[in-house]
Asks: 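One structure is given below, represented as structure tokens, and several questions about it will come after.
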Amino acid sequence: MSLRLVRSDSNAALWKACSESFLHAVGGGAGPGGYPDFLLLAHRAQRDALLKDAAERGIPGWLNPPVAFFSDLRHMFGIEARPVGILTGRMLVARLAGQTALRVGVRTAGRDSGPAGTHMLDRVFSELLPEGVAPGRLREALEPLARDEFTRKRNDWAADTYEAFLSELEERQLYDPRSIHSMVAERVESGGLSDAIGGAGRLHVFGVTSLRARQRLFRALADQEDVEVRVYLPLEDEPSEWETLATAGMEIVGEGEEPARAAFVQPAPDSVREVAWVARRVKRLLAEGLAAPHEVAVVARSGHQDTRLVHTGLEQVGVPSTARLRTVLAEIPALKALLQLLRAEADGWTFERLRQVLGSPYFSPGVDLRPLDVLAAARRYEGLAAWRAGLERLSVEIEAEDGGRWRRKGISPDRLQHDVPVLLDFFEQVAVFAGPRPERDWIDLTLETLDGTRFELRSRLCLPVGDRWDIVRLDQRGVEHLVRLLREWRELVRSTEPLSPTDWYERLRRLLEANELALSTPFKEGVQVLEAHEASLSPFRYTFVVHANDGVFPRTPASLGVFSDEERLRLREAGLPFTERSEAMRRERTLWRSVARGENVT
């Protein structure tokens with residue numbers, strides 16, 4: 001058995017070859033085992049297309065279907081080890097890098113920004129861990145680069161930190177999630193592939209176009225002798241990194257078919273009008289019955305901003321869409337309100353901050369804010385004590401004279417008498433955030449707030465504004481994600497040095513800005529709004545590629561810092577899996593081809 005490449009210049013022809021080959025072999029076998037073929041996919045859109053093809057053939061379905069995603073590899077190969085947490089891994093690398101830098105004499109080892117930031121060496125490890133590079137192999141490859149004292153110390157710093165990091169993980173009986181492809185490759189090398197795919201004799205791999213973070217895995221698939229492996233790729237007019245793995249040669253499909261028409265290019269002055277144009281075109285296709293919603297894809301290179309913009313644009317014209325939306329934690333409404341609460345204490349409860357918190361649906365005690373406006377117009381207040389005294393004085397003045405003057409200022413005496421005790425109680429609740437305390441105590445206090453100990457935050461998270469249940473879902477998932485991060489952070493704290501409210505606000509803000517939450521929309525059969533790697537090779541009837549600007553898609557690679565591009569090239573020639581600029585651009589071109597070779601591409 002060996003690895004064979006199947007290529008085509010048409011996504012539809014490539015998918016047809018994969019689907020027909022797999023379904024012909026599997027046929028109507030009900031399972032739950034004994035399937036001759038197994039299919040490994042990259043995205044659910046490909047699985048949905050497979051099920052549609054199977055239904056058209058009259059196949060009712062399978063028990064224990066011989067289909068899986070790359071995200072299932074850990075369970076398929078029985079990897080039961082516990083992964084290291086996100087924050088634990090970041091802080092571990094930063095701590096070890098700092099210790100190693102002092103030992104080898106490196107003057108700067110990158111800023112230690114705690115759990116909020118990623119150390120520069122961590123980015124290097126992201127290229128080494130998926131391929132299972134041993135520390136000794138890294139050290140050997142770095143030796144020829146030691147031209148002077150600086151590069152020698154830098155090389156020792158990188159290699160020693162990498163070795164210390166792996167040793168620390170082994171001691172804790174943990175593994176880095178980035179190592180999963182290397183761990184799977186080890187099991188393939190030891191003969192575990194056949195068992196992992198239920199004894200199938202042939203493995204189809206569809207949706208992967210790059211060997212980034214997968215070189216060792218596919219090398220192991222090419223070298224094993226138990227299972228025939230077929231990898232489906234776009235046809236290219238330049239040398240590819242896949243050719244050396246094609247131990248069974250290459251097959252080209254779809255040559256006799258009519259070539260797909262060239263992509264239509266529509267200029268747009270800005271992103272907003274680009275999305276509006278795409279939304280109108282998609283709605284027209286659906287209204288004229290030219291395609292079902294799930295047969296249309298809108299593709300962006302990155303999902304940080306573009307996918308949300310497209311999803312919103314389609315919603316505004318009444319087109320159902322399916323998307324996986326990324327949201328920075330600091331932009332989730334409930335967590336943004338938490339930051340506003342902490343910033344109010346950090347800034348000394350100025351009028352702007354106090355009114356912001358009292359007007360928040362997550363913390364508001366339900367009082368009239370007009371008395372605060374009147375007090376702030378008369379003089380400047382700062383601190384809870386000053387606001388407390390001002391409200392009490394205002395209440396006394398209203399009781400002592402006719403309330404007509406205050407009504408003209410928009411204050412209801414009766415409402416004020418009701419609201420003052422409520423506000424004073426609110427001040428008592430938020431007073432707990434005053435003063436310095438150790439970092440662990442700040443984490444506990446924040447967790448208590450998120451758990452609903454004060455302000456009834458948990459109950460408020462369940463209340464929608466209008467019919468915006470998507471905000472309720474986002475808030476609840478965001479709070480749960482932050483709770484997990486804080487609990488992990490708490491276990492990592494070693495210092496007992498007190499932090500001021502300002503210091504804690506800044507640390508939490510950086511943490512929220514450095515992490516994001518990805519949520520899929522509930523509706524699965526709408527227009528598919530995807531990132532490029534998700535849409536790669538998927539057989540959509542109509543594809544719209546947005547923000548296809550120069551340097552955006554294909555994306556120009558950014559500098560990775562520790563090693564220069566020339567050094568990366570030399571390390572790559574020495575057998576290390578580092579990506580240098582020319583290889584990164586080639587992979588971007590491949591990704592572009594895998595998206596732009598659909599039936600109708602705009």
Asks: Can you tell me if Arg178 uses its side chain to pair, donor with acceptor, with the backbone of Pro130 under 3.5 Å?
Replies: no

Asks: Is there a side-chain contact between Ser271 and Leu309, using heavy atoms and a 4.5 Å cut-off?
Replies: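 Of all side-chain heavy-atom pairs linking Leu309 with Ser271, at least one is under 4.5 Å.
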
Asks: Which heavy atom in Asp156 sits nearest to a heavy atom in Thr100, and how many Å separate them?
Replies: O-CG2, 4.4 Å

Asks: Can any side-chain N or O of Ser536 pair as donor or acceptor with the backbone N or O of Ala532 at less than 3.5 Å?
Replies: no

Asks: Of all heavy-atom pairs between Gly526 and Gln528, which one has the smallest distance, and what is that distance?
Replies: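 For Gly526 versus Gln528, the nearest heavy atoms are O-NE2, 2.7 Å.
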
Asks: Of all residues at least two apart in sequence or in a different chain, which pass the salt bridge (charged side-chain N to carboxylate O under 4.0 Å, His left out) check with Glu439?
Replies: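 Salt bridge (charged side-chain N to carboxylate O under 4.0 Å, His left out) list for Glu439, sorted by chain: Arg507.
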
Asks: Are Phe125 and Tyr162 close enough that their ring centers fall under 6.0 Å?
Replies: yes

Asks: I'd like to know whether Leu492 forms a side-chain contact (heavy atoms from CB on, under 4.5 Å) with Arg95, so could you lay out the CA-CA distance, the side-chain angles of the two residues, the decisive distance to 0.1 Å, and finally the verdict.
Replies: CA-CA 11 Å; Leu492 301 172; Arg95 176 172 62 82; over 6 Å; no

Asks: Give me the ring orientation class for Phe544 and Trp277: parallel if the planes are under 30° apart, tilted from 30 to 60°, perpendicular past 60°.
Replies: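 Rings of Phe544 and Trp277: perpendicular, as their planes differ by over 60°.
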
Asks: Going by the salt bridge (Lys or Arg N to Asp or Glu O under 4.0 Å) test, which pairs reach into residues 380-392, not counting sequence neighbours?
Replies: Arg380-Glu382, Arg388-Glu428

Asks: Provide the closest heavy-atom pair for Glu274 versus Ala268 in the form atom of the first, atom of the second, distance.
Replies: CB-CB, 3.5 Å

Asks: Arg494: which residues meet the side-chain hydrogen bond (donor to acceptor under 3.5 Å, both in side chains) condition with it, sequence neighbours left out?
Replies: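 For Arg494 there are no side-chain hydrogen bond (donor to acceptor under 3.5 Å, both in side chains) partners, ignoring immediate neighbours.
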
Asks: Provide the full list of ring-ring contact (aromatic ring centres under 6.0 Å, His included) pairs with a residue in residues 352-377, sequence neighbours left out, each pair given once.
Replies: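 Only Phe363-Phe455 qualify under ring-ring contact (aromatic ring centres under 6.0 Å, His included).
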
Asks: A side-chain contact here means heavy atoms from C-beta on lying under 4.5 Å apart; do Trp442 and Asp503 qualify?
Replies: no

Asks: Who are the side-chain hydrogen bond (donor to acceptor under 3.5 Å, both in side chains) partners of Thr322, not counting sequence neighbours?
Replies: none

Asks: Can a donor-acceptor pair be found, under 3.5 Å and without considering hydrogens, that links the side chain of Arg74 to the backbone of Ile79?
Replies: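 Yes: the side chain of Arg74 pairs with the backbone of Ile79.
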
Asks: Which of parallel (below 30°), tilted (30 to 60°) and perpendicular (above 60°) describes Phe426 and Trp349?
Replies: perpendicular

Asks: Within a radius of less than 6.0 Å around CZ of Arg212, do more than 12 heavy atoms belonging to other residues, nucleotides or ligands occur?
Replies: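 12 or below, so no.
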
Asks: Decide yes or no on side-chain hydrogen bond (donor to acceptor under 3.5 Å, both in side chains) for Ser364 and Arg460, but give the supporting numbers first.
Replies: CA-CA 10 Å; Ser364 172; Arg460 294 173 185 247; 5.4 Å; no

Asks: Would you say CZ of Arg415 has more than 12 non-hydrogen atoms from neighbouring residues, nucleotides or ligands within 6.0 angstrom?
Replies: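 Yes.
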
Asks: Donor-acceptor pair, Asp565 side chain versus Arg581 backbone, under 3.5 Å?
Replies: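 Yes; at least one donor-acceptor contact below 3.5 Å.
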
Asks: Which heavy-atom pair separates His181 from Ala213 by the least distance, and what is that distance?
Replies: ND1-O, 2.9 Å

Asks: Between the side chains of Asp373 and Arg355, is the shortest nitrogen-to-carboxylate-oxygen separation below 4.0 Å, so that they form an ion pair?
Replies: yes

Asks: Going by salt bridge (charged side-chain N to carboxylate O under 4.0 Å, His left out), name the residues that satisfy it together with Glu448, two or more places apart in sequence or in a different chain.
Replies: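 In terms of salt bridge (charged side-chain N to carboxylate O under 4.0 Å, His left out), with neighbours along the sequence ignored, Glu448 is linked to Arg454.
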
Asks: Leu286 versus Val527: any side-chain heavy-atom pair under 4.5 Å?
Replies: yes

Asks: Thinking salt bridges, do Glu480 and Arg458 make one under a 4.0 Å N-O criterion?
Replies: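 Between Arg458 and Glu480 there is a salt bridge, with a charged N closer than 4.0 Å to a carboxylate O.
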
Asks: Please evaluate residues Arg587 and Thr579 with respect to the criterion side-chain hydrogen bond (donor to acceptor under 3.5 Å, both in side chains), reporting the C-alpha separation (whole Å), side-chain torsions for both, the decisive distance (0.1 Å), and the verdict.
Replies: CA-CA 10 Å; Arg587 287 174 176 169; Thr579 300; 3.1 Å; yes

Asks: Between the main-chain N or O of Thr307 and the side-chain N or O of Arg326, is there a donor-acceptor pair closer than 3.5 Å?
Replies: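 Judged by distance alone, no pair lies under 3.5 Å.
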
Asks: Strictly distance-based, threshold 3.5 Å: is any side-chain N or O of Asp425 a donor or acceptor partner for the main-chain N or O of Val422?
Replies: no

Asks: Side-chain contact, heavy-atom cut-off 4.5 Å: Leu474 with Asp470?
Replies: no

Asks: Looking at Asp419 and Arg370, is any side-chain nitrogen of the basic one under 4.0 Å from a carboxylate oxygen of the acidic one?
Replies: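 Salt bridge between Arg370 and Asp419, a charged N being under 4.0 Å from a carboxylate O: no.
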
Asks: Excluding sequence neighbours, so at least two apart, what forms salt bridge (charged side-chain N to carboxylate O under 4.0 Å, His left out) with Arg353?
Replies: Asp347

Asks: Identify the two heavy atoms, one from Phe578 and one from Val124, that lie closest to each other, and give their separation to 0.1 Å.
Replies: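 Closest heavy-atom pair between Phe578 and Val124: CE2-CG1, 3.7 Å.
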
Asks: Report, one line per pair, each donor and acceptor closer than 3.5 Å where one atom sits in a side chain of residues 328-342; sequence neighbours left out.
Replies:
none

Asks: Evaluate side-chain contact (heavy atoms from CB on, under 4.5 Å) for Arg324 paired with Glu534, printing each intermediate quantity in order.
Replies: CA-CA 10 Å; Arg324 185 168 177 79; Glu534 297 173 327; 4.2 Å; yes

Asks: Within the side chain of Ser360, is there an N or O that forms a donor-acceptor pair under 3.5 Å with the backbone of Gln356?
Replies: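 No: the side chain of Ser360 does not pair with the backbone of Gln356.
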
Asks: Check the pair Leu358 / Leu423 against side-chain contact (heavy atoms from CB on, under 4.5 Å), numbers first and verdict last.
Replies: CA-CA 9 Å; Leu358 290 175; Leu423 282 168; 3.9 Å; yes

Asks: Could you check whether Arg214 makes a cation-pi contact with Phe70, meaning its NZ or CZ is under 6.0 Å from the centre of the six-membered ring and within 45° of the ring axis?
Replies: yes

Asks: Please list, chain by chain and in numerical order, all residues satisfying side-chain hydrogen bond (donor to acceptor under 3.5 Å, both in side chains) with Asn155, sequence neighbours excluded.
Replies: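 If we apply the side-chain hydrogen bond (donor to acceptor under 3.5 Å, both in side chains) test to Asn155, skipping adjacent residues, there are no hits.
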
Asks: Once ring-ring contact (aromatic ring centres under 6.0 Å, His included) is applied, what residue pairs with a partner in residues 458-489 remain, sequence neighbours excluded?
Replies: Trp489-Trp504

Asks: State whether the side chain of Arg440 and the backbone N or O of Arg490 hold a donor-acceptor pair below 3.5 Å, judged by distance alone.
Replies: yes

Asks: Would you confirm whether Thr521, through its side chain, and Ala323, through its main-chain N or O, come within 3.5 Å as a donor-acceptor pair?
Replies: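 A pair under 3.5 Å: yes.
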
Asks: Is there a side-chain contact (heavy atoms from CB on, under 4.5 Å) between Glu488 and Met91? Walk through the geometry before answering.
Replies: CA-CA 11 Å; Glu488 182 182 353; Met91 297 185 73; over 6 Å; no

Asks: Listed by chain and number, what are the side-chain hydrogen bond (donor to acceptor under 3.5 Å, both in side chains) partners of Arg301, not counting sequence neighbours?
Replies: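 Residues passing side-chain hydrogen bond (donor to acceptor under 3.5 Å, both in side chains) with Arg301: Glu588.
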
Asks: With Arg379, which residues qualify under salt bridge (charged side-chain N to carboxylate O under 4.0 Å, His left out), at least two apart?
Replies: none

Asks: Where do Val317 and Ala279 come nearest, in terms of heavy atoms and distance?
Replies: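 Result for this residue pair: CG2-CB, 3.8 Å.
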
